[in-house]
Enquirer: 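One structure is given below, represented as structure tokens, and several questions about it will come after.
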Number of protein chains: 4
Amino acid sequence: MASVFSSPQAAGGPRSLAKILDAARAVLSEHGYPALTIEAVAAAAGVGKSTIYRWWPNKEALVADALAEVFRADDIPDLGDTHAELRYAVDMTIDNYANEDIAASLPALAAGLLPHPELMTRFREAFLFRKRENIAVALRRAVGRGDLPDDLDTDLVQDIWAGTILYRRLMTGSSLDADLAEHLVRLVTDTPGRRSGESDRESA
Amino acid sequence: MASVFSSPQAAGGPRSLAKILDAARAVLSEHGYPALTIEAVAAAAGVGKSTIYRWWPNKEALVADALAEVFRADDIPDLGDTHAELRYAVDMTIDNYANEDIAASLPALAAGLLPHPELMTRFREAFLFRKRENIAVALRRAVGRGDLPDDLDTDLVQDIWAGTILYRRLMTGSSLDADLAEHLVRLVTDTPGRRSGESDRESA
Amino acid sequence: MASVFSSPQAAGGPRSLAKILDAARAVLSEHGYPALTIEAVAAAAGVGKSTIYRWWPNKEALVADALAEVFRADDIPDLGDTHAELRYAVDMTIDNYANEDIAASLPALAAGLLPHPELMTRFREAFLFRKRENIAVALRRAVGRGDLPDDLDTDLVQDIWAGTILYRRLMTGSSLDADLAEHLVRLVTDTPGRRSGESDRESA
Amino acid sequence: MASVFSSPQAAGGPRSLAKILDAARAVLSEHGYPALTIEAVAAAAGVGKSTIYRWWPNKEALVADALAEVFRADDIPDLGDTHAELRYAVDMTIDNYANEDIAASLPALAAGLLPHPELMTRFREAFLFRKRENIAVALRRAVGRGDLPDDLDTDLVQDIWAGTILYRRLMTGSSLDADLAEHLVRLVTDTPGRRSGESDRESA
DNA sequence: TACTAACCGAGACGGTACGTCATGTCTTTAG
DNA sequence: CTAAAGACATGACGTACCGTCTCGGTTAGTA
């Protein structure tokens, strides 16, 4: 996931890419997204502004690449244990948003990209698709094992997981701990979300 | 919920407050949060910049007030029907985030406030507390009716609801429809989120 | 001759106009035309760049105004003595170009404007017309007295005077002294430049 | 007069010298001195920037060499006719400055060099000395013939000629035609400039 | 004929200045 | 006595060139 908006890995690519992305994350960590200016990153990286502009068209692209490098989208290992695998998935998601000062910029970035649908699409491809597909594989594995109902809406499950975590991180500021992770896993394993139109309601 | 960061309701308040907040929402609708500049709002409102600065200390405060005016935090009416009441709560939340061009700015605003804990606190008070308390009342009413388990974590329920909605609005762009609302309600009515562990420990 | 390219004398005009023009001349004096950057002038004047750009469209316009303020275009007094009057005119011209560090920028400015005929025209109006007309008045007075031939080409006389002075200042670096002034005056009083040919055709 | 500031004729000299100087003149012709950037010349010449910097220390040096190649400094042929020879000299000078888009850069160059006395000296050596000496030879030949007074100030004559031409080219924009040439020649042949201190004044 | 320089194009690099724009403060003008 | 209008210092934007500096890839010119 090296490059979201640019192709700096191209031949003769930048010699200072790593330095710049490190600096971008450092600025993000220390002063937050609104204080992330290209000039600040250039200064922190000991680099001329034009070196940044040569490789990234704008701030969003730079931040996207900087975040992409630390955004986890692991394959979920086949542990033979559905609960453990789903917990792995939730923990990974928490990791991505708990990452104190870095991934906190992600919603700001997304908000900044909202008015630019084309960039938004590339953003989603960079940050969501791979992670979601990896988690979906684990969910389907669980379905195969009979641990989850086979009409499971894997998208909804992931929206609930990531949404709850993001919301706590961004809006309420409450903690993202093992307890939350366990709740989110159980939410699925105990009463899986069903596809709309399915009618048999269960009672506790 | 007229004023988040300022006290414009004070005696002799501004004659153009409404004009300005309308203009702010108009700019937000038409060009998005990143394009919302004080100058643009002043121009759109036909007002001098200083008139805005007289009443709001900065852009965040202005946006917060503009959004607060349209952010729903209704009392949930006692309908005698738990499912209907919870659906009311979820629909209200969806309304807040679906509101095409306006509430989309809310995450950007939150992200901008993240590095300023004091402002963030006031932001939460303005946008979350009242709505959350109103919904909590309805949830407790349902518990009282025996429709929901009495160890229900009302905070977690609301984080899941609002989080999922926000996440879809901000990150995946997928639809916020009746189907989703129904799923979110059932998630709670079918298998309520329980407090941590099987036991009745409380989470912070 | 306050304003060559702008209209800063307009109502509500700039509060720092004088400060800026002083600073521009100071920079010109100390570091020369090529080192005159808008940022340097802004810094020297203790002024923001935009304050300069508010009133002048570009560097050339600023320099033009700065120079115009010190460029002499006196009325030539009627001294009753042709030689003294012409000497006054030549001395004034020498003053304009000898002015160590300031008027030396004039040729650079002119060269910079050469590719912009419209600006060049305004430049000529600002710097040449008034001075040339004033000197022409004195020359015609001398013709009236019978001290100069009545087919005198006043333009050519002035081109010779100013040209020789400019050339020495710019190209040879040789001195602009009383001796030169005297020579230039005599060049006209002894054998006035005649209009084209021996006859009295006029040149364009 | 191949090289004013550099020594590119040295052993193993540049293979693309001519290409570069041609390109420099082309850029000068098309866009004027202020638009002459090293990068533009390099691009126009199909050459790397470093190739230019290898042979010229800066823009001024490059322009100087480019202009030097087209700056005329002919020996004045002995035509046996003083008027014709002086006219030859004046025409040559007019050629140098009339040269539409090229020699117009000369004053800009000179102005740019003014703050660098050492470069200015080399500039004068490159552009003035040879031409002036050649013209001085012709003037002295005329003195020898008795056509000009033997106290003729050859420097002043040349300053007047070149100055008037330069001034018209740079400042007034008026034409440099045969008429002017004739006037400038007559100015000398009819009443030569005398050395300072000589007192016998002539009347027309 | 092959080696070995110098020389070349290309262009990345750390920088400076550009001219534009928005900030938030301040003063001036007009109703 | 309010608010419009807008001047102002500040500072980031994204662009254009600067002059320095590797990079390979020719070209000569010996050897």
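Here is how names work: the chains are called A, B, and so on, in the same order as the sequence lines, proteins then strands, and each is numbered from 1.
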Enquirer: Please state whether the phosphate of E:dT23, meaning OP1 or OP2, lies under 4.0 angstrom from any side-chain nitrogen or oxygen of B:Trp56.
Expert: no
Enquirer: Do D:Tyr33 and D:Leu106 have side-chain heavy atoms sitting under 4.5 Å apart?
Expert: no
Enquirer: Can you find a side chain N or O atom of B:Ser50 that sits less than 4.0 Å from OP1 or OP2 on F:dG6?
Expert: no
Enquirer: Measure CD1/D:Ile38 against C1'/F:dA16 and give the value in whole Å, please.
Expert: 14 Å
Enquirer: Quick one: C:Ile52 CD1 to F:dG11 P, roughly how many Å, whole number?
Expert: 16 Å
Enquirer: Within the structure, does a side-chain N or O atom of C:Thr51 lie under 4.0 Å from either OP1 or OP2 of F:dA7?
Expert: no
Enquirer: Starting at OH of A:Tyr53 and ending at P of E:dG14, how long is that distance when rounded to a whole Å?
Expert: 15 Å
Enquirer: Could you tell me whether the phosphate oxygens of E:dC13, OP1 or OP2, come under 4.0 Å of any side-chain nitrogen or oxygen in A:Lys19?
Expert: no
Enquirer: Any idea which heavy atoms bring B:Asp65 and B:Leu21 closest together, and the distance?
Expert: CB-CD2, 4.0 Å
Enquirer: State the CZ-CG distance between C:Phe127 and C:Leu67, to the nearest 0.5 angstrom.
Expert: 5.0 Å
Enquirer: Report yes if at least one side-chain N or O of D:Arg54 is closer than 4.0 Å to OP1 or OP2 of E:dC8; otherwise report no.
Expert: yes
Enquirer: Quickly work out the C:Glu39 CD to F:dC13 C1' distance and round it to whole Å.
Expert: 13 Å
Enquirer: Would you kindly compare C:Ala40 and B:Lys59 by the position of their nearest DNA chain E nucleotide and give the one closer to the 5′ end?
Expert: C:Ala40
Enquirer: Would you check, one step at a time, whether the test salt bridge (charged side-chain N to carboxylate O under 4.0 Å, His left out) holds for B:Asp22 with B:Arg25?
Expert: CA-CA 5 Å; B:Asp22 284 350; B:Arg25 281 188 293 268; 2.8 Å; yes
Enquirer: Given F:dG11, is OP1 or OP2 found less than 4.0 Å from the side-chain N or O atoms of A:Lys49?
Expert: no
Enquirer: Would you kindly compare A:Ala45 and D:Gly48 by the position of their nearest DNA chain E nucleotide and give the one closer to the 5′ end?
Expert: D:Gly48
Enquirer: Taking 4.0 Å as the cut-off, does a side-chain nitrogen or oxygen of C:Trp55 come that near to OP1 or OP2 on F:dC8?
Expert: yes
Enquirer: Grab the CD-P distance between A:Glu60 and F:dG14 for me, whole Å please.
Expert: 8 Å
Enquirer: On a heavy-atom basis, which atom in C:Ala64 and which in C:Leu109 lie closest, and how many Å separate them?
Expert: CA-CD2, 3.8 Å
Enquirer: Write down the distance between CG (B:Leu62) and P (E:dA22), rounded to a whole number of angstrom.
Expert: 16 Å
Enquirer: Please state whether the phosphate of F:dA12, meaning OP1 or OP2, lies under 4.0 angstrom from any side-chain nitrogen or oxygen of A:Thr37.
Expert: no
